[in-house]
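Notes for the one structure printed next.
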Amino acid sequence: MTVERTRVATGTPWEPLVGYSRAVRVGPHVHVSGTTATGEDGAIVGAGDAYAQTRQALANIASALQRAGGSIDDVVRTRIYVTDISRWQEIGRAHGEVFATIRPATAMVEVRRLIDDAMLVEIEADAYVGGSSGT
């Protein structure tokens with residue numbers, strides 16, 4: 001039995017260079033790569049604002065999930081990488097606003113830096129599309 005694999009790309013030049021997809025769906029499982037607060041033009045949204053960057057990263061994740069046939073409601077796990085853990089409340093508030101009723105498993109981890117010094121937050125997400133959910 002072969003399970004279909006769907007790749008979601010954003011068209012950025014670094015995806016083929018590094019060899020990754022924004023998201024990959026295999027069966028009902030969607031895995032979204034580490035996602036930052038980049039806008040459609042590739043520029044960082046919310047420079048210096050961890051809350052705004054978190055909201056933009058989550059919007060980018062929602063877009064990738066939609067293109068993979070899912071939605072933000074299907075998310076079962078997130079991983080949040082931050083460059084300054086002392087800002088956890090503003091990052092957590094943004095995450096909580098999006099996931100207030102979904103409440104996925106999550107982790108928030110401080111890292112020394114991200115690929116661009118202007119990036120304060122990077123988020124990965126895993127989703128299960130098409131199944132029944134518990135409470």
Side-chain angles (χ1 to χ4, degrees):
M1 175 166 123
T2 304
V3 178
E4 184 178 343
R5 178 187 200 98
T6 303
R7 292 179 192 90
V8 173
T10 59
T12 63
W14 48 84
E15 286 173 359
L17 178 67
V18 176
Y20 76 97
S21 298
R22 169 62 38 223
V24 176
R25 179 174 180 168
V26 178
H29 303 279
V30 181
H31 304 277
V32 182
S33 293
T35 303
T36 59
T38 50
E40 300 234 350
D41 62 356
I44 303 299
V45 173
D49 184 338
Y51 172 86
Q53 286 197 21
T54 302
R55 289 301 300 231
Q56 181 65 42
L58 292 170
N60 292 348
I61 287 169
S63 176
L65 287 166
Q66 183 178 29
R67 291 174 58 206
S71 77
I72 204 79
D73 293 336
D74 299 316
V75 172
V76 296
R77 180 174 176 83
T78 60
R79 290 166 207 83
I80 309 167
Y81 304 99
V82 303
T83 58
D84 182 355
I85 199 72
S86 73
R87 301 180 80 173
W88 73 269
Q89 289 180 317
E90 56 194 297
I91 295 161
R93 180 169 50 94
H95 186 275
E97 289 170 359
V98 172
F99 292 113
T101 59
I102 302 158
R103 307 221 10 215
T106 194
M108 186 183 300
V109 178
E110 183 178 52
V111 295
R112 188 166 61 101
R113 63 187 290 199
L114 297 171
I115 201 159
D116 182 317
D117 289 336
M119 295 173 178
L120 306 174
V121 179
E122 183 169 330
I123 304 172
E124 297 176 347
D126 297 322
Y128 185 81
V129 179
S132 61
S133 62
T135 54

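Partners of Arg103 under the side chain to side chain contact (heavy atoms under 4.5 Å, CB included) rule, at least two apart in sequence or in another chain, do not exist in this structure. Applying the side-chain hydrogen bond (donor to acceptor under 3.5 Å, both in side chains) criterion to Thr83, with sequence neighbours excluded, gives no partner residue.
A continuous path of ILVMFWY side-chain contacts below 4.5 Å connects Val109 to Ile115, so both sit in one hydrophobic cluster. Under the 4.5 Å side-chain heavy-atom criterion for grouping Ile, Leu, Val, Met, Phe, Trp and Tyr, Ile80 is not connected to Val111 through any hydrophobic cluster. Criterion: ILVMFWY side-chain heavy atoms under 4.5 Å apart, direct or through other members. Under it, Ile72 and Ile91 are part of a common hydrophobic cluster.
Around CD of Glu110, the count of heavy atoms belonging to other residues, nucleotides or ligands within 6.0 Å exceeds 12.
Checking side-chain atoms of Thr106 against main-chain N and O of Thr78 turns up a donor-acceptor pair under 3.5 Å. The main-chain N or O of Ala50 is found under 3.5 Å from a side-chain atom of Thr54 such that the two form a donor-acceptor pair.
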Residue pair Gln89, Arg93: steps toward the side-chain contact (heavy atoms from CB on, under 4.5 Å) verdict: CA-CA 6 Å; Gln89 289 180 317; Arg93 180 169 50 94; over 6 Å; no

Intermediate values then yes/no, side-chain contact (heavy atoms from CB on, under 4.5 Å), Met108 and Ile85: CA-CA 8 Å; Met108 186 183 300; Ile85 199 72; 3.9 Å; yes

Full working for side chain to side chain donor-acceptor pair (under 3.5 Å) between Asn60 and Gln56: CA-CA 6 Å; Asn60 292 348; Gln56 181 65 42; 2.9 Å; yes

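To the nearest 0.5 Å, atoms CG (Asp49) and CZ (Arg87) are separated by 7.0 Å. Distance check: Ile123 CD1 to Ser33 OG gives 13.5 Å after rounding to the nearest 0.5 Å.
For the pair Gly48 and Leu120, the tightest heavy-atom approach, listed with the atom from each and the gap, is C-CD1, 3.7 Å.
Between Met119 and Tyr81 there is no side-chain heavy-atom pair separated by less than 4.5 Å. At a threshold of 4.5 Å between non-hydrogen side-chain atoms, the residues Thr38 and Ile44 count as touching.
Partner Glu124 forms a salt bridge (Lys or Arg N to Asp or Glu O under 4.0 Å) with one of Arg22, Arg77, Arg79 and no other, that one being Arg79. Evaluated for a side chain to side chain contact (heavy atoms under 4.5 Å, CB included) with Leu65, the options Val129, Asp74, Val32, Val8 yield exactly one hit, Val32. Among Val121, Val98, Val45, the one residue that satisfies the side chain to side chain contact (heavy atoms under 4.5 Å, CB included) test with Arg55 is Val98.
Relative orientation of the His31 and His29 rings is parallel, given thresholds of 30° and 60° on the angle between their planes.
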